[in-house]
Amino acid sequence: MKKSLLKTFFALSASLWLCGYLFTSVSVASTSLPAWSGSIKSLNLYGEEAPADLFSAYHLSSNRARLNMDWQPAQSWHLETSLDHQYLWSDPSRAFPLASSGYNRHLDMDKVWQHGEHGASRLQVDRLNLQWRTGKVDTTLGRQAVGFGRILIYSPLDVIAPFAPDAIDTEIRIGIDALHTIFNYGLDGQLGAIAVWGAEARYDSFLATWTDNRAGLDILMIGGRLRGHTMFGAGMAGSLGTLGLKAEFSIHKSREGEDTTGVLHDVYTLAAIETWYRFDNGISLIAQYLYNGPGADDPEDYPKVLVSAPLQEGLTHLLGQHYLIAAPSYELHSLATAQSLILYNLGDHSALIRPTLDLSLADNLSLQLFWTWNIGQKPRAASPLLPVEPRSEFGLRGDSGGLFLTWFF
């Protein structure tokens, strides 16, 4: 752990809190006691062997316990902290190492343990931030959750710490080290600025944002330096009667001096159009077209995408360029909902299909059952230097399934 950086962070946070507490014109009677909450989650997976022996069959169990503390010592000040502990077990041994904390954290506040050949655990500070509100300005300093965009499945504007489109657990976004300031004007207008301190100086981000509502349309814009490269994005969200419509895009210019493992394109675009509709029979459908500029048209170039900077940094999670995505859902009972996720690669005609069944077992206790089919042309042997030649994206994967149990308290 970088003790000097951690001490600096705590000292700065304590100083800000002390100044706000001393100078804000709020009585002691308006303060409140800390509020505690948390969750326990257990994700258990079985995966079949991948084609061409790319990956053997596996079992995985990820178990997380989280404790949150929210405290408002004065009307204008708010402190948020969260501790998150994950225990990961996998067979074959160490087949799935603990995921990296990402490129958007400067302070090392993790502790990792290895438990034999199959198990590992991590205790991390996932939230540690101080929020200050005065007049029309909101400021948050420290490890916090930040998300942009209105599109639900895969947003081109969610550029800092986005979820993968096929992620199972999307309830809690990973915390990043940032200073985020928002100026509120009018009824819905916001001007924002965010500075993110990355693991290295080249991964620092400095972005400006604007959101407003004009004539029933939500308008969004974001631009600046994202992990060392220039980007700009915009989007709109509205409706035509009962049909919800959203459109977003972001344009990125690769970092100067990027090597051959960096990106396939000097300039690339992410763009999407998403619709939402609820049918009279109760079925709700979210459908999206996605253009994934960092990807490749030819499956032979998928290995280059896998090692490219956009994919390694989480800006994209897909290998192709053109996708149709659908997420239908239907409430079978007040305690049971059937859902599905369909990702279809228009270039190589492969698909990921994941039906799920969500069950409410008790207050704040839920269970999700799921199975994922990966459909597409299987890879073939190529040469000693390239053991397999991809012929489709989802044809590289084996099918998998499992259960996800969640309890909030």
Side-chain angles (χ1 to χ4, degrees), residues 1-11 13 36-47 55-56 58-69 80-129 142-146 160-164 166-178 196-205 227 306-307 309 311-315 317 400 402-409:
M1 185 176 290
K2 302 175 183 176
K3 293 184 179 179
S4 61
L5 291 173
L6 188 56
K7 289 179 179 178
T8 301
F9 179 84
F10 278 121
S13 298
W36 299 90
S37 62
S39 62
I40 295 176
K41 301 179 180 181
S42 181
L43 174 62
N44 299 274
L45 285 170
Y46 165 72
F55 209 93
S56 60
Y58 63 88
H59 293 82
L60 179 147
S61 180
S62 174
N63 303 277
R64 308 187 77 131
R66 186 182 184 92
L67 181 63
N68 310 311
M69 190 274 285
E80 178 189 27
T81 63
S82 293
L83 285 176
D84 185 282
H85 181 267
Q86 178 185 15
Y87 174 77
L88 182 67
W89 182 93
S90 63
D91 183 32
S93 62
R94 304 190 185 186
F96 294 90
L98 286 166
S100 168
S101 297
Y103 293 85
N104 300 304
R105 290 183 174 183
H106 189 70
L107 299 179
D108 181 6
M109 293 189 281
D110 295 8
K111 177 63 177 178
V112 176
W113 296 269
Q114 189 66 42
H115 307 284
E117 291 294 317
H118 293 272
S121 62
R122 173 194 284 127
L123 177 65
Q124 64 172 316
V125 179
D126 191 51
R127 299 283 190 277
L128 181 59
N129 63 76
R143 184 157 295 176
Q144 57 191 283
V146 176
I160 294 182
F163 292 108
D166 60 341
I168 295 173
D169 184 6
T170 58
E171 291 172 310
I172 299 175
R173 189 183 295 271
I174 188 171
I176 63 171
D177 294 338
V196 182
W197 289 276
E200 303 174 22
R202 63 178 178 148
Y203 296 127
D204 292 348
S205 300
R227 290 191 290 275
L306 283 169
V307 297
L311 190 135
Q312 292 296 316
E313 296 174 18
L315 185 60
H317 298 85
S400 62
L403 59 88
F404 182 40
L405 185 66
T406 305
W407 177 51
F408 286 95
F409 58 88

Query raised in the report: Are Ser42 and Asn44 close enough, and set up right, to give a side-chain hydrogen bond (donor to acceptor under 3.5 Å, both in side chains), and what steps lead you there?
Result: CA-CA 6 Å; Ser42 181; Asn44 299 274; 2.9 Å; yes
Distance (rounded to the nearest 0.5 Å) between [X] [atom1] and [Y] [atom2]:
{"X": "Arg64", "Y": "Ile40", "atom1": "CZ", "atom2": "CD1", "value": "13.0 Å"}
{"X": "Phe163", "Y": "Asp169", "atom1": "CZ", "atom2": "CG", "value": "7.5 Å"}
{"X": "Ser61", "Y": "His118", "atom1": "OG", "atom2": "NE2", "value": "13.0 Å"}
{"X": "Ile172", "Y": "Phe408", "atom1": "CD1", "atom2": "CZ", "value": "5.0 Å"}
{"X": "Leu128", "Y": "Ser82", "atom1": "CG", "atom2": "OG", "value": "9.5 Å"}
{"X": "Asp91", "Y": "Tyr58", "atom1": "CG", "atom2": "OH", "value": "12.5 Å"}

pair [X]-[Y]: side-chain heavy atoms closer than 4.5 Å:
{"X": "Arg173", "Y": "Ile160", "value": "no"}
{"X": "Asp126", "Y": "Leu83", "value": "no"}
{"X": "Leu67", "Y": "His85", "value": "no"}

Nearest heavy-atom pair of [X] and [Y]: which atoms, and what distance?
{"X": "Ala95", "Y": "Ser90", "result": "N-OG, 3.5 Å"}
{"X": "Glu313", "Y": "Tyr203", "result": "OE2-CE2, 3.6 Å"}
{"X": "Phe409", "Y": "Arg66", "result": "CZ-O, 3.8 Å"}
{"X": "Arg227", "Y": "Tyr103", "result": "CD-CB, 4.0 Å"}
{"X": "Gly102", "Y": "Ala199", "result": "O-CB, 4.5 Å"}
{"X": "Gly314", "Y": "Pro162", "result": "O-CG, 3.1 Å"}

Report task. Take Arg105 and Asp177 through the test salt bridge (charged side-chain N to carboxylate O under 4.0 Å, His left out) and record every step on the way to the result. Result -> CA-CA 5 Å; Arg105 290 183 174 183; Asp177 294 338; 5.6 Å; no
Report task. Mind running side chain to side chain contact (heavy atoms under 4.5 Å, CB included) on Trp197 and Leu107 for me, showing each step along the way? Result -> CA-CA 9 Å; Trp197 289 276; Leu107 299 179; over 6 Å; no
Report task. Scan Ile174, Val196, Ile176 and name whichever one has a side-chain contact (heavy atoms from CB on, under 4.5 Å) with Val146. Result ->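 The residue from Ile174, Val196, Ile176 that satisfies side-chain contact (heavy atoms from CB on, under 4.5 Å) with Val146 turns out to be Ile176.
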Query - Among Gln86, His115, Lys111, side-chain contact (heavy atoms from CB on, under 4.5 Å) partner for Ser121 - result: His115
Short side-chain to backbone donor-acceptor contact, [X] and [Y], under 3.5 Å:
{"X": "Arg122", "Y": "Leu88", "answer": "no"}
{"X": "Asn129", "Y": "Arg143", "answer": "yes"}
{"X": "Glu80", "Y": "Gln144", "answer": "no"}
{"X": "His106", "Y": "Gly198", "answer": "yes"}
{"X": "Gln114", "Y": "Gly116", "answer": "yes"}

